[in-house]
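Counting begins at 1 with the first residue of the sequence.
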Amino acid sequence: MIHGMTEIHFTEEIVRTFGAELMDISPEAFRKKLSRGRHRVSHYMKGICGHVDASNPCRCTHKVRPFSDMGMLDADHLRFHRPEGVRVREVMGERIMRFEKSYYDPFLARFRDQPFYDSPDMADWLNGILKNDDFKNLFHLNQ
């Protein structure tokens with residue numbers, strides 16, 4: 001699905017631009033910070049997480065005991081990591097292809113034909129909220 005890569009790139013470009021504005025740094029500097037952060041997380045997970053590398057000792061079931069003890073979680077029935085589970089493509093098969101051809105691809109074509117509109121300065125708006133004393137007090141950020 002080649003168009004999927006386009007949306008991912010488009011979305012990451014927006015994240016980089018918005019992140020750079022929010023942190024008040026250049027998009028290139030933000031891209032580098034993001035890249036370094038992703039590398040650090042990936043390196044850490046590869047060295048410790050048993051789901052990333054089965055030879056690693058760490059398992060979610062060992063880390064979530066307090067949640068389990070409080071009744072907030074059942075470690076034997078994790079909601080997200082289920083490698084043995086049935087994949088969407090196995091269940092949906094041809095229906096996904098028909099959906100993409102009939103609905104998704106035409107939607108993307110229409111979306112891509114739209115003009116870019118000037119958007120509000122979301123970074124400025126968010127910075128204003130973060131500097132607001134009432135917001136800081138609400139989330140105990142003044143401490």
Side-chain angles (χ1 to χ4, degrees), residues 1-114 116-132 135-143:
M1 198 163 75
I2 193 86
H3 57 73
M5 293 185 343
T6 304
E7 280 80 47
I8 290 170
H9 173 72
F10 182 69
T11 303
E12 286 187 7
E13 187 64 34
I14 289 173
V15 168
R16 281 194 295 265
T17 302
F18 184 69
E21 286 183 32
L22 192 59
M23 293 179 72
D24 198 25
I25 59 177
S26 72
E28 295 78 20
F30 182 80
R31 181 193 58 77
K32 194 62 180 174
K33 284 183 178 288
L34 187 61
S35 173
R36 287 178 180 152
R38 286 178 174 163
H39 175 75
R40 286 181 188 136
V41 169
S42 175
H43 181 73
Y44 174 79
M45 295 300 285
K46 285 178 185 175
I48 196 166
C49 180
H51 294 299
V52 174
D53 181 349
S55 67
N56 289 330
C58 187
R59 296 288 185 274
C60 293
T61 54
H62 300 149
K63 295 289 186 179
V64 296
R65 178 118 14 246
F67 290 114
S68 181
D69 291 346
M70 290 186 285
M72 298 171 64
L73 172 63
D74 181 356
D76 293 327
H77 297 93
L78 297 175
R79 293 177 23 199
F80 301 109
H81 180 73
R82 295 190 180 171
E84 74 285 349
V86 178
R87 302 283 183 233
V88 171
R89 69 178 156 269
E90 295 168 3
V91 174
M92 300 301 290
E94 179 61 29
R95 287 185 279 176
I96 290 176
M97 300 294 281
R98 285 188 9 232
F99 170 79
E100 286 179 352
K101 183 177 181 187
S102 300
Y103 300 99
Y104 190 67
D105 291 344
F107 166 77
L108 286 179
R110 287 187 182 147
F111 174 76
R112 289 179 180 140
D113 285 339
Q114 293 184 69
F116 274 103
Y117 296 103
D118 291 334
S119 62
D121 187 347
M122 297 303 288
D124 189 46
W125 172 78
L126 187 54
N127 278 323
I129 288 175
L130 294 173
K131 292 175 183 172
N132 182 297
F135 181 85
K136 289 178 184 179
N137 290 333
L138 184 64
F139 291 101
H140 307 286
L141 299 175
N142 286 330
Q143 300 171 352

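When every heavy atom of K33 is checked against every heavy atom of M23, the shortest pair comes out as CD-CE, 3.8 Å. Taking each heavy atom of A54 and R59 in turn, the nearest pair found is O-NH2, 3.0 Å. Residues L130 and F135 share a closest heavy-atom pair of CD2-CE2, 3.6 Å.
Note: E100 CD to L108 CG = 9.0 Å, rounded to the nearest 0.5 Å. With rounding to the nearest 0.5 angstrom, the CZ atom of R31 is 9.5 Å from the CZ atom of R36. Interatomic distance, OG1 of T17 versus CG of L22, reported as 12.5 Å (0.5 Å rounding). Between the CG atom in L138 and the CG atom in N132 there is a gap of 9.5 Å [rounded to 0.5 Å]. Atom CZ of residue R112 and atom CZ of residue F107 lie 10.0 Å apart, to the nearest 0.5 angstrom. Atoms CG and CE, from D105 and M97 in turn, are 9.5 Å apart once rounded to the nearest 0.5 Å.
When side chains are defined from C-beta on, D121 counts as touching E21, because their heavy atoms get closer than 4.5 Å.
Under the side-chain contact (heavy atoms from CB on, under 4.5 Å) criterion, N56 pairs with D53, not counting sequence neighbours.
Ring pair H39/H43 is parallel by interplanar angle, where below 30° counts as parallel and above 60° as perpendicular.
Shown here is K46, whose NZ atom has no more than 12 heavy atoms of other residues, nucleotides or ligands within 6.0 Å.
Formation of a donor-acceptor pair under 3.5 Å by the S102 side chain with backbone atoms of R98 is found in this model.
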